[in-house]
Amino acid sequence: MFELRRPLNEDKPWRIPTRPQGNIPVIVRLLFHEREELVPARAIRWAEGRVLVLWLADGEDPKSEQLFWLRAEDVYRTIPRRGALR
């Protein structure tokens, strides 16, 4: 079972779009107190340099779906090169 936690790098925009904007496969950088992770997700909305991502915390459990906003620099279309991460 997964543990429901918000990443430390979550960052909501001032205005949140209400209409669906897409469903793009991405890789996101998540920061937690004890670690940093690169995980697959789906980009579904974007605004003000931020991206709303949908992440399955447990790939085998559809109920583990989480939504959160990240800065665009924490969202990648391809695996980032070593040293490209902060």
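- Checking side-chain atoms of Arg45 against main-chain N and O of Gly22 turns up no donor-acceptor pair under 3.5 Å.
- Summarising the geometry of Val53 relative to Ala41, their closest heavy-atom pair is CB-CB, 4.3 Å, with the distance given to 0.1 Å.
- Test Arg15, Arg19, Gln21 against Pro17 for side-chain contact (heavy atoms from CB on, under 4.5 Å) and you get one pass: Gln21.
- Nearest approach of Asp74 to Arg29, heavy atoms of both residues: OD1-NH1, 2.7 Å.
- Here the CG-CZ distance, from Leu31 to Arg6, works out to 14.0 Å after rounding to the nearest 0.5 Å.
- With hydrogens and angles disregarded, no donor-acceptor distance shorter than 3.5 Å links the side chain of Gln66 to the backbone of Leu56.
- Nearest approach of Arg42 to Pro25, heavy atoms of both residues: NH1-CB, 3.3 Å.
- Contact check for Trp55 versus Val39: side-chain heavy atoms found under the 4.5 Å cut-off.
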> Are Glu37 and Arg35 close enough, and set up right, to give a salt bridge (Lys or Arg N to Asp or Glu O under 4.0 Å), and what steps lead you there?
Replying inline: CA-CA 7 Å; Glu37 292 185 26; Arg35 69 187 185 282; 2.3 Å; yes

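- Trp69 and Ala47 get closest at one heavy-atom pair: CZ3-N, 4.0 Å.
- The side-chain contact (heavy atoms from CB on, under 4.5 Å) with Leu70 is formed by just one residue from the set Asp11, Leu30, Leu52; it is Leu30.
- Taking the side chain as every heavy atom from C-beta outward, Lys12 and Arg50 never approach each other to under 4.5 Å.
- Residues Val26 and Leu38 do not share a hydrophobic cluster, defined by chaining ILVMFWY side chains whose heavy atoms lie under 4.5 Å apart.
- Contact detail for Ala43 and Trp46: the closest heavy-atom pair is O-CZ3, 4.0 Å.
- Both Ile79 and Tyr76 are members of a single hydrophobic cluster when ILVMFWY side chains are connected at heavy-atom separations under 4.5 Å.
- For the pair Ile44 and Pro20, the minimum side-chain heavy-atom distance is 4.5 Å or more.
- Val75 and Phe32 fall within the same hydrophobic cluster, defined by Ile, Leu, Val, Met, Phe, Trp and Tyr side-chain heavy atoms under 4.5 Å apart, directly or through other members.
- The distance from atom NE2 of His33 to atom CG of Leu8, rounded to the nearest 0.5 Å, is 4.5 Å.
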> Is there a side-chain contact (heavy atoms from CB on, under 4.5 Å) between Asn23 and Leu54 once you walk through the steps?
Replying inline: CA-CA 9 Å; Asn23 187 5; Leu54 184 148; over 6 Å; no

